[in-house]
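In each ligand, atom 1 is the first atom listed, and ligand 1 is the first ligand listed. None of the values given here were measured: they were computed from a predicted structure.
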Amino acid sequence: MAGVPLDGKKISAQILEELKPRIAALPRPPALAVVLVGDNPASQIYVRNKIKACHDLGIRSMEFRPSGDISTECLLETLSGLARDRSIDGILVQMALPPQIDTERVMSFVVDPSRDVDGFGPTSLGLLVANKPGPRACTPAGVMELLKRYNIPIAGKHAVVVGRSDIVGKPMALMLLHANATVTICHSRTRNLAEECRRADILVAAIGQPALITAEHIKPGAVIIDVGMNRLTDATIVESLFEHDDFRLASFAKTGSTLVGDVAPLPMQALSSFYTPVPGGVGPLTIAMLMANTVQLAEQHQ
Ligand code: GUN
(Lines give C-alpha, C1' and ligand atoms only; values in the text may rest on other atoms or scores of the structure.)
Protein backbone atom coordinates (compact mmCIF):
# COMPACT_ATOMS: atom_id res chain seq x y z
CA MET A 1 0.00 0.00 0.00
CA ALA A 2 1.31 3.46 -0.90
CA GLY A 3 2.37 5.87 1.82
CA VAL A 4 0.19 8.76 2.92
CA PRO A 5 1.57 12.20 1.98
CA LEU A 6 2.02 14.59 4.92
CA ASP A 7 0.44 17.83 3.77
CA GLY A 8 2.86 20.59 4.80
CA LYS A 9 0.76 23.29 3.14
CA LYS A 10 -2.31 22.35 5.18
CA ILE A 11 -0.43 22.18 8.49
CA SER A 12 1.42 25.41 7.71
CA ALA A 13 -1.92 27.16 7.02
CA GLN A 14 -3.26 25.87 10.38
CA ILE A 15 -0.18 27.19 12.24
CA LEU A 16 -0.42 30.59 10.54
CA GLU A 17 -4.16 30.82 11.29
CA GLU A 18 -3.50 30.10 14.97
CA LEU A 19 -0.99 32.98 15.07
CA LYS A 20 -3.51 35.61 13.95
CA PRO A 21 -5.30 36.14 17.31
CA ARG A 22 -1.92 36.18 19.10
CA ILE A 23 -0.70 38.94 16.77
CA ALA A 24 -3.96 40.87 17.18
CA ALA A 25 -3.55 40.75 20.97
CA LEU A 26 -0.14 42.48 20.85
CA PRO A 27 0.12 46.25 21.43
CA ARG A 28 2.24 46.60 18.26
CA PRO A 29 2.89 44.26 15.33
CA PRO A 30 5.85 41.89 15.70
CA ALA A 31 8.90 43.03 13.73
CA LEU A 32 11.35 40.82 11.83
CA ALA A 33 14.63 41.97 10.27
CA VAL A 34 15.79 39.83 7.35
CA VAL A 35 19.38 40.12 6.12
CA LEU A 36 20.13 38.76 2.65
CA VAL A 37 23.77 38.97 1.56
CA GLY A 38 24.38 38.99 -2.20
CA ASP A 39 22.12 37.70 -4.94
CA ASN A 40 21.98 33.90 -4.62
CA PRO A 41 18.78 33.08 -6.57
CA ALA A 42 17.57 30.38 -4.15
CA SER A 43 18.14 32.66 -1.13
CA GLN A 44 16.29 35.46 -2.89
CA ILE A 45 13.26 33.19 -3.34
CA TYR A 46 13.36 32.03 0.30
CA VAL A 47 13.60 35.63 1.54
CA ARG A 48 10.81 36.80 -0.77
CA ASN A 49 8.56 34.05 0.61
CA LYS A 50 9.45 34.93 4.21
CA ILE A 51 8.69 38.62 3.64
CA LYS A 52 5.42 37.75 1.91
CA ALA A 53 4.41 35.55 4.87
CA CYS A 54 5.12 38.48 7.22
CA HIS A 55 3.05 40.79 5.05
CA ASP A 56 0.11 38.36 4.90
CA LEU A 57 0.07 38.01 8.71
CA GLY A 58 0.58 41.66 9.63
CA ILE A 59 4.16 41.18 10.85
CA ARG A 60 6.41 44.18 10.13
CA SER A 61 9.40 43.06 8.06
CA MET A 62 12.58 44.97 7.28
CA GLU A 63 14.87 43.72 4.55
CA PHE A 64 18.60 44.48 4.54
CA ARG A 65 20.60 43.56 1.45
CA PRO A 66 24.34 44.12 1.85
CA SER A 67 26.30 43.52 -1.36
CA GLY A 68 27.72 40.05 -2.00
CA ASP A 69 31.34 41.18 -1.42
CA ILE A 70 30.76 42.57 2.10
CA SER A 71 33.39 41.52 4.69
CA THR A 72 32.56 39.52 7.81
CA GLU A 73 33.42 42.58 9.96
CA CYS A 74 31.04 44.87 8.07
CA LEU A 75 28.26 42.30 8.18
CA LEU A 76 28.73 41.89 11.93
CA GLU A 77 28.55 45.70 12.30
CA THR A 78 25.25 45.73 10.41
CA LEU A 79 23.96 43.01 12.74
CA SER A 80 25.15 44.95 15.82
CA GLY A 81 23.11 47.94 14.62
CA LEU A 82 20.02 45.77 14.27
CA ALA A 83 20.60 44.14 17.65
CA ARG A 84 20.61 47.61 19.30
CA ASP A 85 17.22 48.47 17.79
CA ARG A 86 14.73 47.49 20.49
CA SER A 87 11.78 47.77 18.09
CA ILE A 88 13.01 44.63 16.27
CA ASP A 89 11.78 41.33 17.72
CA GLY A 90 13.74 38.89 15.55
CA ILE A 91 16.86 39.02 13.39
CA LEU A 92 17.47 36.50 10.62
CA VAL A 93 20.51 36.13 8.37
CA GLN A 94 19.59 34.05 5.33
CA MET A 95 21.97 31.14 4.76
CA ALA A 96 24.01 30.29 2.76
CA LEU A 97 26.50 33.18 2.93
CA PRO A 98 29.10 34.03 0.25
CA PRO A 99 32.46 32.22 0.61
CA GLN A 100 34.44 35.21 1.99
CA ILE A 101 32.13 35.39 5.01
CA ASP A 102 33.00 33.48 8.18
CA THR A 103 29.60 31.77 8.55
CA GLU A 104 30.39 30.37 11.98
CA ARG A 105 31.08 33.87 13.38
CA VAL A 106 27.88 35.19 11.83
CA MET A 107 25.80 32.30 13.17
CA SER A 108 27.30 32.86 16.61
CA PHE A 109 26.51 36.55 16.49
CA VAL A 110 22.87 36.76 17.53
CA VAL A 111 23.88 35.83 21.04
CA ASP A 112 20.80 37.29 22.66
CA PRO A 113 18.31 34.42 22.36
CA SER A 114 15.49 36.89 22.80
CA ARG A 115 16.11 38.05 19.20
CA ASP A 116 17.49 34.82 17.72
CA VAL A 117 14.48 33.99 15.58
CA ASP A 118 16.28 31.17 13.72
CA GLY A 119 17.64 29.59 16.91
CA PHE A 120 21.14 29.40 15.38
CA GLY A 121 23.07 31.28 18.11
CA PRO A 122 25.15 29.50 20.74
CA THR A 123 22.82 30.31 23.64
CA SER A 124 19.79 29.04 21.72
CA LEU A 125 21.71 25.89 20.80
CA GLY A 126 22.64 25.37 24.45
CA LEU A 127 18.97 25.67 25.41
CA LEU A 128 18.11 23.07 22.76
CA VAL A 129 20.77 20.66 24.00
CA ALA A 130 19.46 21.08 27.56
CA ASN A 131 15.84 20.71 26.33
CA LYS A 132 14.92 24.10 27.85
CA PRO A 133 12.52 26.57 26.19
CA GLY A 134 14.10 28.88 23.60
CA PRO A 135 13.91 29.64 19.88
CA ARG A 136 14.34 26.50 17.79
CA ALA A 137 15.66 26.17 14.22
CA CYS A 138 12.62 26.50 11.99
CA THR A 139 12.96 23.51 9.64
CA PRO A 140 13.45 20.80 12.28
CA ALA A 141 10.85 22.49 14.52
CA GLY A 142 8.46 22.32 11.55
CA VAL A 143 9.15 18.61 11.09
CA MET A 144 8.33 18.00 14.78
CA GLU A 145 5.10 19.98 14.41
CA LEU A 146 4.15 17.96 11.31
CA LEU A 147 4.73 14.64 13.12
CA LYS A 148 2.76 15.89 16.13
CA ARG A 149 -0.22 17.12 14.13
CA TYR A 150 -0.42 13.83 12.20
CA ASN A 151 -0.21 11.91 15.52
CA ILE A 152 2.86 10.01 14.37
CA PRO A 153 4.43 8.40 17.44
CA ILE A 154 8.12 9.10 18.07
CA ALA A 155 8.88 7.72 21.55
CA GLY A 156 10.76 4.42 21.37
CA LYS A 157 11.09 4.59 17.58
CA HIS A 158 14.41 4.40 15.79
CA ALA A 159 15.00 7.70 13.99
CA VAL A 160 17.81 8.03 11.49
CA VAL A 161 18.82 11.56 10.45
CA VAL A 162 20.97 11.73 7.32
CA GLY A 163 22.95 14.99 7.35
CA ARG A 164 24.67 16.81 10.21
CA SER A 165 24.24 20.49 9.28
CA ASP A 166 23.89 23.09 12.04
CA ILE A 167 20.64 24.27 10.46
CA VAL A 168 18.80 20.95 10.09
CA GLY A 169 20.60 17.67 10.86
CA LYS A 170 22.01 18.39 14.33
CA PRO A 171 18.98 20.22 15.78
CA MET A 172 16.66 17.62 14.17
CA ALA A 173 18.51 14.78 15.90
CA LEU A 174 18.29 16.58 19.26
CA MET A 175 14.57 17.30 18.89
CA LEU A 176 13.86 13.65 18.05
CA LEU A 177 16.00 12.58 20.99
CA HIS A 178 14.02 14.87 23.32
CA ALA A 179 10.86 13.22 21.98
CA ASN A 180 12.37 9.91 23.18
CA ALA A 181 13.38 8.43 19.84
CA THR A 182 16.55 6.35 19.60
CA VAL A 183 18.55 8.49 17.21
CA THR A 184 21.29 7.72 14.70
CA ILE A 185 22.99 10.55 12.78
CA CYS A 186 24.50 9.61 9.41
CA HIS A 187 26.83 11.76 7.31
CA SER A 188 29.28 11.68 4.43
CA ARG A 189 31.71 9.43 6.35
CA THR A 190 29.08 6.92 7.47
CA ARG A 191 29.90 3.37 6.40
CA ASN A 192 27.08 1.50 4.73
CA LEU A 193 24.51 4.27 4.70
CA ALA A 194 21.79 2.02 3.24
CA GLU A 195 22.11 -0.46 6.12
CA GLU A 196 21.87 2.33 8.73
CA CYS A 197 18.87 3.89 7.00
CA ARG A 198 17.06 0.55 6.73
CA ARG A 199 16.92 0.46 10.54
CA ALA A 200 14.85 3.66 10.58
CA ASP A 201 11.22 3.78 11.66
CA ILE A 202 11.53 7.52 10.99
CA LEU A 203 14.01 8.50 8.28
CA VAL A 204 14.93 12.17 7.89
CA ALA A 205 16.92 13.06 4.76
CA ALA A 206 18.68 16.42 4.97
CA ILE A 207 21.66 15.99 2.71
CA GLY A 208 21.14 18.32 -0.24
CA GLN A 209 21.72 15.70 -2.95
CA PRO A 210 18.93 14.84 -5.37
CA ALA A 211 17.36 11.42 -4.80
CA LEU A 212 20.36 10.01 -2.93
CA ILE A 213 18.05 7.87 -0.80
CA THR A 214 16.59 4.99 -2.81
CA ALA A 215 14.65 1.76 -2.22
CA GLU A 216 17.66 0.01 -0.66
CA HIS A 217 17.71 2.65 2.14
CA ILE A 218 14.06 2.27 3.14
CA LYS A 219 12.48 -0.15 5.59
CA PRO A 220 8.94 -0.86 4.34
CA GLY A 221 6.46 1.09 6.47
CA ALA A 222 8.95 3.78 7.54
CA VAL A 223 7.93 7.40 7.98
CA ILE A 224 10.05 9.41 5.56
CA ILE A 225 10.75 13.10 6.03
CA ASP A 226 12.46 14.59 2.99
CA VAL A 227 14.01 17.95 3.79
CA GLY A 228 15.86 18.17 0.45
CA MET A 229 14.94 20.72 -2.19
CA ASN A 230 17.04 20.21 -5.31
CA ARG A 231 16.34 21.78 -8.70
CA LEU A 232 16.71 19.41 -11.66
CA THR A 233 17.11 20.49 -15.28
CA ASP A 234 18.48 17.30 -16.89
CA ALA A 235 15.63 15.64 -18.83
CA THR A 236 17.13 12.14 -18.58
CA ILE A 237 17.36 12.34 -14.79
CA VAL A 238 13.87 13.84 -14.46
CA GLU A 239 12.39 11.15 -16.72
CA SER A 240 14.01 8.34 -14.74
CA LEU A 241 12.93 9.74 -11.34
CA PHE A 242 9.37 10.68 -12.35
CA GLU A 243 8.51 8.01 -14.94
CA HIS A 244 5.41 7.22 -12.84
CA ASP A 245 4.26 10.84 -12.62
CA ASP A 246 2.75 12.22 -15.85
CA PHE A 247 1.75 15.45 -14.17
CA ARG A 248 5.33 16.16 -13.13
CA LEU A 249 6.73 15.24 -16.53
CA ALA A 250 4.25 17.58 -18.22
CA SER A 251 5.19 20.44 -15.91
CA PHE A 252 8.90 19.77 -16.53
CA ALA A 253 8.29 19.80 -20.29
CA LYS A 254 6.70 23.24 -19.90
CA THR A 255 9.14 24.93 -17.51
CA GLY A 256 12.45 23.07 -18.08
CA SER A 257 13.06 22.41 -14.39
CA THR A 258 11.54 20.63 -11.43
CA LEU A 259 12.23 20.09 -7.73
CA VAL A 260 13.22 16.79 -6.19
CA GLY A 261 14.07 16.00 -2.59
CA ASP A 262 16.92 13.91 -1.23
CA VAL A 263 14.73 10.80 -1.53
CA ALA A 264 13.81 9.17 -4.86
CA PRO A 265 10.06 9.87 -5.15
CA LEU A 266 8.82 6.49 -6.38
CA PRO A 267 10.32 4.26 -3.63
CA MET A 268 9.45 6.91 -1.04
CA GLN A 269 5.79 6.81 -2.04
CA ALA A 270 5.68 3.04 -2.56
CA LEU A 271 7.51 1.85 0.56
CA SER A 272 6.75 4.40 3.29
CA SER A 273 3.75 4.57 5.63
CA PHE A 274 3.85 8.39 5.59
CA TYR A 275 6.11 10.72 3.59
CA THR A 276 6.62 14.40 2.92
CA PRO A 277 6.26 15.28 -0.77
CA VAL A 278 8.65 17.71 -2.45
CA PRO A 279 7.46 20.38 -2.94
CA GLY A 280 4.63 20.85 -0.40
CA GLY A 281 5.96 18.80 2.51
CA VAL A 282 8.57 20.28 4.84
CA GLY A 283 9.13 23.56 2.89
CA PRO A 284 5.97 25.43 3.92
CA LEU A 285 6.55 24.54 7.57
CA THR A 286 9.90 26.32 7.73
CA ILE A 287 8.17 29.63 7.04
CA ALA A 288 5.26 28.88 9.38
CA MET A 289 7.70 28.14 12.22
CA LEU A 290 9.66 31.32 11.46
CA MET A 291 6.42 33.27 11.84
CA ALA A 292 5.63 31.37 15.07
CA ASN A 293 9.11 32.14 16.45
CA THR A 294 8.73 35.83 15.54
CA VAL A 295 5.37 36.06 17.30
CA GLN A 296 6.73 34.24 20.35
CA LEU A 297 9.69 36.63 20.63
CA ALA A 298 7.36 39.63 20.20
CA GLU A 299 5.13 38.32 23.00
CA GLN A 300 8.19 38.07 25.25
CA HIS A 301 9.32 41.62 24.35
CA GLN A 302 5.93 43.30 24.74
N1 GUN B 1 18.89 28.53 4.88
C2 GUN B 1 18.28 27.33 4.82
N3 GUN B 1 17.40 27.20 5.83
C4 GUN B 1 17.45 28.34 6.54
C5 GUN B 1 16.76 28.79 7.70
O6 GUN B 1 15.92 28.10 8.30
N7 GUN B 1 17.10 30.03 8.13
C8 GUN B 1 18.05 30.79 7.51
N9 GUN B 1 18.34 31.99 8.02
N10 GUN B 1 18.70 30.40 6.44
C11 GUN B 1 18.39 29.18 5.95
Taking 4.0 angstrom as the limit, do R149 and E18 come out as a salt bridge?
yes
Looking at R248 and E239, is there a salt bridge between them, counting it only when a charged N and a carboxylate O are closer than 4.0 Å?
no
Pairs where residues 80-97 contributes a residue and the test salt bridge (Lys or Arg N to Asp or Glu O under 4.0 Å) is met, not counting sequence neighbours:
R28-D89
If only side-chain N and O atoms count, and only distance matters, is there a donor-acceptor pair under 3.5 Å linking T276 with D226?
no
Show me, pair by pair, the donor-acceptor contacts under 3.5 angstrom made by side chains of residues 263-273, not counting sequence neighbours?
from: S272; atom 1: OG; to: M268; atom 2: O; distance (Å): 2.7
from: S273; atom 1: OG; to: G221; atom 2: O; distance (Å): 2.8
from: S273; atom 1: OG; to: A222; atom 2: O; distance (Å): 3.4

Give every pair made of an N or O atom of ligand 1 and a protein N or O atom lying under 3.5 Å apart, one pair per line with both atom names and the distance to 0.1 Å, or write 'none'.
from: ligand 1; atom 1: 1 (N); to: Q94; atom 2: NE2; distance (Å): 3.4
from: ligand 1; atom 1: 1 (N); to: M95; atom 2: O; distance (Å): 3.1
from: ligand 1; atom 1: 7 (N); to: D118; atom 2: OD1; distance (Å): 3.2
from: ligand 1; atom 1: 7 (N); to: D118; atom 2: OD2; distance (Å): 3.1
from: ligand 1; atom 1: 9 (N); to: V93; atom 2: O; distance (Å): 2.8
from: ligand 1; atom 1: 9 (N); to: D118; atom 2: OD2; distance (Å): 2.6
from: ligand 1; atom 1: 10 (N); to: Q94; atom 2: NE2; distance (Å): 3.4
from: ligand 1; atom 1: 10 (N); to: M95; atom 2: N; distance (Å): 3.0

In the hydrophobic clustering (ILVMFWY, side-chain contacts below 4.5 Å, transitive), which residues join L127, or is it alone?
none
